[in-house]
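The chain is numbered in sequence order, starting from 1.
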Amino acid sequence: MVTVITPSVIKEGIVEEIKPDLARFDKAKEQVNLAVAELNNYASIKSVENRDDALVILKLSKEVDDAIEKKRTELVKPWNDGAKSINSYVKELIKELTPAIDQTKKAVLKFQQDEEERVKKEKRQGRIQQLNDLGLFLNEKTNFYLNDDVMVHAANLDVNDNVWPLTYQKAVNDLKQQAEEKLNKLAEDAEMIDVFGTDDQKSEHQQKVFEATKETAPVINHVPSFGGGGSSVSKLNGTAKVWKFEVTDANQVPREYLEVDETKIRKAVGSGMRSIPGVRIYEDTQLRIR
């Protein structure tokens, strides 16, 4: 039992609260309101003079925007630096813990998988023995366990514990029916032999009945055993089955699962490329305020 590891102690202590003084942006708010009010006067340009005046207001508004961004950067820098310091420290702190956790998880899962495989093989072997006890043996060409007309496919050896008793019981029932039909056929023949048969034929038939009765008795009197032929695996808490994937051939992946690399295209266009299949490259005019 683990007693020396106490994760709850990590939660102890007061969490530092950050309360920014947003009043430092009061003057910035005033300038933003003035800039917006002025810009709204130039929603539509009527003349060259009007255009030039708009460019002046745009320049001043851009300076307001830049100043606010600079102020924001200055104010958050100490907190960003502190966050970087904490993140760097924690990264160093757990650099050996995370791999150790992953290593142990893999070891636990491997043991569980090996255990499940061991029990699966044990259960399979037990079921094979049950079929063999019924007189059903594997035909490797067909992959069926056979006894005359009674067949059980080898794949049925791996069904779950709820299904196997049904599979097994069906085989038992089919064998009993097969045995009863054989004895009934001998009984039908006996009537004819008793009337028309010779002493040798009667003696031969009696021997057949004796041998058939001896052969079919274990099947007819068989008591089914539904144990499944093996033990079970103890449940591993915390496990979950998840579907994962890996791309084996990107050329075969349907288009709806592909994503265009816009960063790569932008870089290619910036370097001078003017023709890319499936991409329209065009020249656009933008206004830069300096």
Exceeds 12 heavy-atom contacts within 6.0 angstrom, atom [atom1] of [X]:
X: E246; atom1: CD; result: no
X: E74; atom1: CD; result: yes
X: E69; atom1: CD; result: yes

Determine whether [X] and [Y] fall in the same hydrophobic cluster, where Ile, Leu, Val, Met, Phe, Trp and Tyr are linked whenever their side-chain heavy atoms lie under 4.5 Å apart.
X: F25; Y: V32; answer: yes
X: V150; Y: V159; answer: yes
X: F111; Y: L109; answer: no
X: V260; Y: I281; answer: yes
X: V269; Y: V279; answer: yes

Output the distance between atom [atom1] ([X]) and atom [atom2] ([Y]), rounded to the nearest 0.5 Å.
X: L34; Y: L39; atom1: CG; atom2: CG; result: 11.0 Å
X: I101; Y: K106; atom1: CD1; atom2: NZ; result: 13.0 Å
X: W164; Y: R124; atom1: CH2; atom2: CZ; result: 10.0 Å
X: L157; Y: I128; atom1: CG; atom2: CD1; result: 5.0 Å
X: L60; Y: L55; atom1: CG; atom2: CG; result: 11.0 Å
X: N132; Y: Q125; atom1: CG; atom2: CD; result: 8.0 Å

Show, in sequence, the C-alpha distance, side-chain angles and deciding distance for L138 and N143, and conclude whether the side chain to side chain contact (heavy atoms under 4.5 Å, CB included) test is met. CA-CA 6 Å; L138 179 65; N143 211 27; 4.0 Å; yes
Minimum-distance pair of heavy atoms, taken over all atoms of [X] and [Y]:
X: S271; Y: A268; value: OG-O, 2.7 Å
X: A54; Y: I45; value: CB-CD1, 3.8 Å
X: Q178; Y: D148; value: OE1-CB, 3.2 Å
X: T142; Y: H153; value: O-NE2, 4.4 Å

State, yes or no, whether a side-chain contact exists between [X] and [Y] at a heavy-atom distance under 4.5 Å.
X: D21; Y: L75; result: no
X: I57; Y: N41; result: no
X: D161; Y: K123; result: yes
X: K71; Y: I68; result: no
X: E38; Y: V56; result: no

Does a salt bridge link [X] with [Y], judged by any charged N lying under 4.0 Å from a carboxylate O?
X: K62; Y: D66; value: yes
X: K110; Y: D114; value: yes
X: K59; Y: E63; value: yes
X: K27; Y: E30; value: no

Listed by chain and number, what are the salt bridge (charged side-chain N to carboxylate O under 4.0 Å, His left out) partners of K77, not counting sequence neighbours?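 If we apply the salt bridge (charged side-chain N to carboxylate O under 4.0 Å, His left out) test to K77, skipping adjacent residues, the hits are D81.
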Test side chain to side chain contact (heavy atoms under 4.5 Å, CB included) on L58 and L287; report intermediate values, then the result. CA-CA 10 Å; L58 278 171; L287 180 61; 4.0 Å; yes
Once side-chain contact (heavy atoms from CB on, under 4.5 Å) is applied, do any residues pair with K121, and if so which ones, sequence neighbours excluded?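 Per chain and number, K121 pairs via side-chain contact (heavy atoms from CB on, under 4.5 Å) with E117.
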Quick one: do L134 and Q130 satisfy side chain to side chain contact (heavy atoms under 4.5 Å, CB included)? Show the steps, please. CA-CA 7 Å; L134 291 177; Q130 288 179 326; over 6 Å; no
Donor-acceptor under 3.5 Å (N156 side chain, V152 main chain):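 Checked: no pair found.
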Ignoring hydrogens and angles, tell me if any N or O in the side chain of N40 forms a donor-acceptor pair with the backbone of V36 under 3.5 Å.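 At least one qualifying donor-acceptor pair exists.
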Step by step, would you call K84 with N87 a side chain to side chain contact (heavy atoms under 4.5 Å, CB included)? CA-CA 5 Å; K84 289 179 181 178; N87 291 338; 5.7 Å; no
Regarding N173 and Q177, do their side chains bring together a donor and an acceptor under 3.5 Å, going by distance alone?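 N173 vs Q177: no donor-acceptor pair found between side chains.
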